[in-house]
Peer 1: 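One structure follows; several queries about it will come next.
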Amino acid sequence: MVRTYREKLFFPQTASSLPCANQLEPWVRAAIPLSRATPSMSDANFRVPPAINEPVLDYAPGTQPRIDLEAAVKATRSEVVEVPIVIGGKEIRTGDTFDVVCPHDHGHVIAKVHKAKAEHVQQAADACRAAVDDWERMPWEHRVSIFLRAAEMLAGPRRMQMNAATMCGQSKTANQAEIDSACELIDFFRFNCEFLREMHEEQPESSPGMWNRVEYRGLEGFVFAVTPFNFTAIAGNLPTAPAMVGNTAIWKPSETSMLSSWRVMQLLQDAGLPDGVINFVPGDGPTIGDAALAHEDLTGLHFTGSTRVFQHLWQSIGNNLTNYRNYPRIVGETGGKDFVFAHPSAEVAPLCTALVRGAFEFQGQKCSAASRAYIPSSVWSSLESELVEQARSIKMGPVEDFSNFMSAVIDKRAFDKIKGYIDFAKESSEAEILVGGECDDSVGYFVQPTVIKTSNPNFKTMVEEIFGPVLTIFVYDDQDLEATLDSCNTASAYALTGAIFAKDRHAVVHLANRLRHAAGNFYINDKPTGAVVGQQPFGGGRASGTNDKAGSRMNLLRWTSVRTIKETFVPPTDYRHPYMG
């Protein structure tokens, strides 16, 4: 049964006020030690509460959620939060800080973050080693209970604070924050608990006289979680998914999403996560990364970010391979150059809506954002004016104004990169800017929603990742369908998401087969964004990553080391086989 927003707001508040393990006095904790000799408190075969996707609140004017979120945004903008390093449950302040600003108002500071050094990575690795024995021996149902509690706290009393941090720190609209920092993160916590239960239930067959079974252990060492700015939910999932199955983690959050990441860390602590299981280590990427990847205890890399950085980290792991006690697991989701391919039978209205939402929601800063489109000339004649009109009608501005559809891109570096691509298109004889193309960073990092039309299917903005509100259109002759499919499949190095639009079912089958390896998440008559945990496991191949599907059991399996156990009830007592008689 789905509870109302008010019920969700009320009931978890009582639970969240109860003391968690980290809040108890030391003498109380000492009186209730976790027995390492007893793996479980019960022989019951536990089933976690069924995972249901968290309902999305619409924040319509006059509703209580809207009133509460507006108040939370105002409160977030009114303070400067000090964000420490957290190692072994202890907060560390180095005094060497950097500012976190609102991208849509880059003169407004909302947080100051203490930067970690290489020595803190060593301390975090020590904290992981100190915590792992108790953590992996904790019965799985008690591990997942922590994350189930975090989900309930986030669904109720922490929802508005988390969404406000994401809105102010990452310039997401109320809708984009709600589906990310509330709903998707709640879904990750709930569904991963259910996936873990399903894993434990998967057991081998046994022949007469013996019992075969498997146990799902954590890895030996720590998992290094490197998280992106664009999704608070991904930032929360990358360290917690490995932790849930018994691992410890060092979490290096993105410098441009520090406030929301800190709120996630606080949520986990308040839900009862033991000290040292996840260690929060913000700072310079190369400084933190080099120290973590050189450590002998590294047992895995869980990464979301750019392809270039992921390739560098993978290469660093290879260079350090002889230093490790294990072969590290490497799981990464990186860039995308996501496509929309329209067949001549495509319907114009849903295609237009998919292009606008897919390309311009959250300023095109989704790994899955529609960035290139292949449109047949027979469809383009009807689509062009409607697409231009809708893109021109988009209202852009600060997220505090709930009537805005778009806001600013994340920082100056992103702004300059996106502007560079737009300027290149302006100067090229192979491209025409149909709408948008203006950029202004005087107050915030604002880039207008931009549609480029090109005569070259291999044009720069058709093949390179931009990560901004820029959509490039290639119009093909209807009779050139096959050649255009070849171009869509091979022009870009990425294979993350893609969408096809066709009314003709034979065409749907044909396009899906021709583009079989072009996208790990494939959409039919829908935009290529908006994957839902438990419904569309997310990830892609080629230069887009290892396709280990966040939001599914497949991802959790990567963080386990399976032990096979065979028990023979009546062992043989003579080495001789019957055939020897």
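Sequence positions, counted from 1, serve as the residue numbers for this chain. Values below: all heavy atoms of this structure, side chains included; hydrogens, waters and symmetry mates excluded.
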Peer 1: Any chance the rings of His302 and Phe224 have centres within less than 6.0 Å?
Peer 2: no

Peer 1: Under the side chain to side chain contact (heavy atoms under 4.5 Å, CB included) rule, collect the residues that match up with Ser306, sequence neighbours excluded.
Peer 2: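 Here the qualifying residues are Arg308, Val309.
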
Peer 1: Answer yes if the side chains of Thr232 and Thr166 hold a donor-acceptor pair under 3.5 Å, and no otherwise.
Peer 2: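 Short answer, yes.
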
Peer 1: Once salt bridge (charged side-chain N to carboxylate O under 4.0 Å, His left out) is applied, do any residues pair with Glu464, and if so which ones, sequence neighbours excluded?
Peer 2: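 Listed in chain order: Lys460.
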
Peer 1: Is it true that Thr497 and Ser368 share a donor-acceptor pair across their side chains at a distance under 3.5 Å?
Peer 2: no

Peer 1: Return the set of residues passing salt bridge (charged side-chain N to carboxylate O under 4.0 Å, His left out) with Arg357 (not counting sequence neighbours), or none when no residue passes.
Peer 2: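 Here no residue qualifies.
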
Peer 1: Evaluate whether atom CD of Glu432 has more than 12 neighbouring non-hydrogen atoms of other residues, nucleotides or ligands under 6.0 angstrom away.
Peer 2: yes

Peer 1: Can Arg159 and Glu178 be counted as an ion pair, charged N to O under 4.0 angstrom?
Peer 2: yes

Peer 1: Which residue pairs pass the salt bridge (charged side-chain N to carboxylate O under 4.0 Å, His left out) test when at least one of the two sits in residues 510-524, sequence neighbours left out?
Peer 2: Glu482-Arg514, Asp486-Arg514

Peer 1: With Ser544, which residues qualify under side-chain hydrogen bond (donor to acceptor under 3.5 Å, both in side chains), at least two apart?
Peer 2: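 By the side-chain hydrogen bond (donor to acceptor under 3.5 Å, both in side chains) rule, Ser544 matches no residue at all.
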
Peer 1: Kindly write out the residues that satisfy ring pair (Phe, Tyr, Trp, His ring centres under 6.0 Å) with Phe310, not counting sequence neighbours, or none if the list is empty.
Peer 2: Phe303, Trp314

Peer 1: Ignoring hydrogens and angles, state whether a donor on the side chain of Ser378 or Asp478 is under 3.5 Å from an acceptor on the partner side chain.
Peer 2: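 Present: a donor and an acceptor within the cut-off.
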
Peer 1: Verify whether one side chain among Asn163 and Ser181 offers a donor that lies under 3.5 Å from an acceptor in the other.
Peer 2: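 Checked: Asn163/Ser181 side chains pair up, N/O donor to acceptor below 3.5 Å.
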
Peer 1: Between the side chains of Asn230 and Gln170, does any donor sit under 3.5 Å from an acceptor?
Peer 2: no

Peer 1: In this structure, is the centre-to-centre distance between the rings of Trp262 and Phe280 below 6.0 Å?
Peer 2: yes

Peer 1: Indicate whether the side chain of Lys366 and that of Gln176 have a donor and an acceptor atom separated by less than 3.5 Å.
Peer 2: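 Yes, because at least one side-chain N or O of Lys366 sits under 3.5 Å from a partner of the opposite role on Gln176.
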
Peer 1: Restricting to salt bridge (charged side-chain N to carboxylate O under 4.0 Å, His left out), what partner residues turn up for Arg553, sequence neighbours left out?
Peer 2: Glu198, Glu202

Peer 1: Does any pair with a residue in residues 488-533 pass ring-ring contact (aromatic ring centres under 6.0 Å, His included), and if so which ones, sequence neighbours excluded?
Peer 2: none

Peer 1: Can you sort out the partners of Phe424 under ring pair (Phe, Tyr, Trp, His ring centres under 6.0 Å), two or more places apart, ordered by chain and number?
Peer 2: Phe459

Peer 1: Are a donor atom and an acceptor atom from the side chains of Thr454 and Asn456 found within less than 3.5 Å of each other?
Peer 2: no

Peer 1: Who pairs with Asp423 by salt bridge (charged side-chain N to carboxylate O under 4.0 Å, His left out), at least two apart in sequence or on another chain?
Peer 2: Lys419

Peer 1: Could you pull out every donor-acceptor pair under 3.5 Å between side chains of residues 391-399 and any protein atom, sequence neighbours left out?
Peer 2:
residue, atom, partner, partner atom, Å
Ser393, OG, Gln390, O, 2.7
Lys395, NZ, Asp401, OD2, 2.9
Lys395, NZ, Ser403, OG, 2.9
Lys395, NZ, Asn404, OD1, 3.0

Peer 1: Atom CG in Leu496, atom CG in Asp338: separation rounded to 0.5 Å?
Peer 2: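 If I round to the nearest 0.5 Å, the distance is 5.0 Å.
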
Peer 1: Is a side-chain donor-acceptor pair under 3.5 Å present for Asn237 with Asn192?
Peer 2: yes

Peer 1: Is Glu255 salt-bridged to Lys115, going by a charged N under 4.0 Å from an acidic O?
Peer 2: no

Peer 1: I'd like to check the ring pair (Phe, Tyr, Trp, His ring centres under 6.0 Å) partners of Tyr374; sequence neighbours left out, ordered by chain and number.
Peer 2: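 Phe341.
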
Peer 1: Looking at Lys426, I want to see if its NZ is surrounded by more than 12 non-hydrogen atoms of other residues, nucleotides or ligands under 6.0 Å.
Peer 2: yes

Peer 1: Asp187 and Asn53: side-chain donor and acceptor closer than 3.5 Å?
Peer 2: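 Yes, because at least one side-chain N or O of Asp187 sits under 3.5 Å from a partner of the opposite role on Asn53.
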
